[in-house]
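Letters go in sequence order (proteins before strands), and every chain restarts at 1. Keep in mind that what you see is a predicted model, and the values were worked out from it rather than measured.
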Amino acid sequence: MFVLSLVKQTVRVPAEKFNKDVDQALSEELNLKFANKVVLDVGLCIALWDIIKRGESFILPGDSGHHTKVEFRYVVFRPFMEQVLVGRIKNCDKESVQVTLGFFDDIYIPAENLQKNSRFDETEHAWVWEYESEDGNHDLFMDTGEEIRFKVVAEDFTDTTPSGPSNETHDPSLDPSDNKKMAYRITASINESGLGLLSWWAS
Amino acid sequence: MEVSHFKQISSLINSNTAILSNFEVLELLSSLRGKGDQPRNQSGSLATITYETIKYLEGTPAATQSDKCLKKFLNEVKKFGLTKKEKTMLLNLRPTTAVEISLIVQSAEQERLTEEQTEELIEIIQNTLPAKTE
């Protein structure tokens with residue numbers, strides 16, 4: 001679920017960090033810039049792994065900091081397609097089941113990717129898998145907080161940076177879909193044996 | 001979770017140079033937390049993501065793994081001809097049933113692991129990777 005991304009970038013180190021070791025100062029700046037941020041088409045950045053190459057540092061007129069070109073590797077959360085992961089159910093609604101890993105929770109299992117013969121129970125507000133066995137049908141509830149094993153089937157990156165006012169007639173605060181935009185969204189499936197709540201498969 | 005974006009990274013050389021196992025990530029994050037030389041509020045987002053990720057990983061089999069048992073495991077499963085992704089999933093999930101193994105080791109046309117091999121693989125997993133301590 002985690003990968004290393006190799007990136008080359010010029011980093012600005014502010015003057016108050018000139019007394020520190022250069023690599024230490026650069027590490028701090030890189031973590032300030034990337035930790036817990038989604039970078040488009042890369043994933044959710046976790047922490048700096050290492051600095052591979054460091055170029056010369058430059059001072060620019062009117063700027064007290066120094067600018068240094070660095071090549072570094074960053075730990076990124078980016079599960080590959082078909083990867084099997086374990087998380088917890090965060091929420092159920094008519095359309096989908098939302099799963100959280102604690103540090104990332106834009107994971108959705110759409111209704112059509114649930115086990116066959118699943119229905120949404122309005123009163124319990126949970127999905128139920130009507131499991132058929134020889135001794136009759138069993139209702140298996142997918143309650144919030146339960147541990148669930150799922151497979152990653154798709155990913156979507158959306159640029160959610162504000163793009164400025166587009167036109168006067170459109171008020172973004174009135175558009176509910178606008179608030180739902182997610183920078184990095186994972187679509188998952190549990191439509192296979194072995195997938196779903198861990199308790200379903202524990203023998 | 002705070003989400004923000006950088007429209008462009010000066011140059012992204014390779015967004016996927018290596019797959020890391022959960023154990024390797026947990027090692028790195030624990031060492032960051034242990035350092036203690038991160039001045040408070042220096043990077044709040046690093047502290048947040050470190051805390052949340054460690055919390056998740058400590059609930060996974062990675063919490064009880066070590067360099068030594070990883071090496072031993074990788075050595076013993078060589079003969080099955082598994083891909084790197086499959087081995088990473090085996091380490092991260094530590095499956096102990098045949099149905100879990102069949103989810104991880106993809107068999108498109110013909111069975112890649114026979115029933116006996118699956119059992120042997122489960123045995124290796126149980127012998128080399130420690131069980132989660134409750």
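Using a 4.5 Å cut-off between heavy atoms, Arg149(A) touches chain B through its side chain atoms alone. Within the 4.5 angstrom heavy-atom criterion, atoms from both the backbone and the side chain of Gln83(A) approach chain B. Heavy-atom distances place the side chain of Lys151(A), and not its backbone, under 4.5 Å from chain B. Looking at Val84(A), the atoms closer than 4.5 Å to chain B (heavy atoms on both sides) sit in the backbone and in the side chain alike. Leu28(B) touches chain A through its side chain: at least one heavy atom from C-beta onward sits under 4.5 Å away, while N, CA, C and O do not.
Heavy-atom neighbours of chain A within the stretch residues 71-95 of chain B, taken at a separation under 4.5 angstrom, comprise Lys85(B), Met89(B), Asn92(B), Leu93(B).
Pairing each heavy atom of Ile49(B) with each of Cys45(A), the nearest pair is CG1-O, 4.3 Å.
Atom CG of Leu46(B) is separated from atom NZ of Lys33(A) by 15.5 Å, given to the nearest 0.5 angstrom. With rounding to the nearest 0.5 Å, the separation of OG in Ser45(B) from CG in Asn31(A) is 8.0 Å. Taking CG of Leu20(B) as the reference point, atom CZ of Arg73(A) lies at 8.5 Å (rounded to 0.5 Å). Separation of atoms CD1 (Ile46(A)) and CD (Glu52(B)) is listed at 9.5 Å; rounding is to 0.5 Å. Distance check: Glu82(A) CD to Leu103(B) CG gives 10.5 Å after rounding to the nearest 0.5 Å.
Here the side chains of Trp201(A) and Thr97(B) are not in contact, with every heavy-atom distance at 4.5 Å or above. Between Val86(A) and Thr60(B) the shortest side-chain heavy-atom distance does not fall below 4.5 Å. Proximity of Phe2(A) to Leu57(B): side-chain heavy atoms (C-beta onward) are separated by under 4.5 Å at one or more points.
For chain B, the option among Leu85(A), Leu48(A), Thr100(A), Leu195(A) with the highest count of heavy-atom pairs below 4.5 Å is Leu195(A).
Within a 6.0 Å sphere centred on CD of Glu16(A), heavy atoms belonging to other residues, nucleotides or ligands number more than 12. Other residues, nucleotides and ligands contribute more than 12 heavy atoms inside 6.0 Å of the CZ atom of Phe157(A). Few gaps surround CD on Glu58(B); more than 12 heavy atoms of other groups in view lie less than 6.0 Å from it. Atom OH of Tyr51(B) is surrounded by 12 or fewer heavy atoms from other residues, nucleotides or ligands within 6.0 Å. Annotation: Glu112(A), atom CD; neighbour count of heavy atoms from other residues, nucleotides and ligands within 6.0 Å is above 12.
Shown here are the side chain to side chain contact (heavy atoms under 4.5 Å, CB included) partners of Asp121(A), two or more places apart in sequence or in another chain: Arg119(A), Thr123(A), Glu124(A), Val128(A), Phe141(A).
Between Val75(A) and the options Val25(B), Thr53(B), Leu29(B), a side chain to side chain contact (heavy atoms under 4.5 Å, CB included) holds for only Val25(B).
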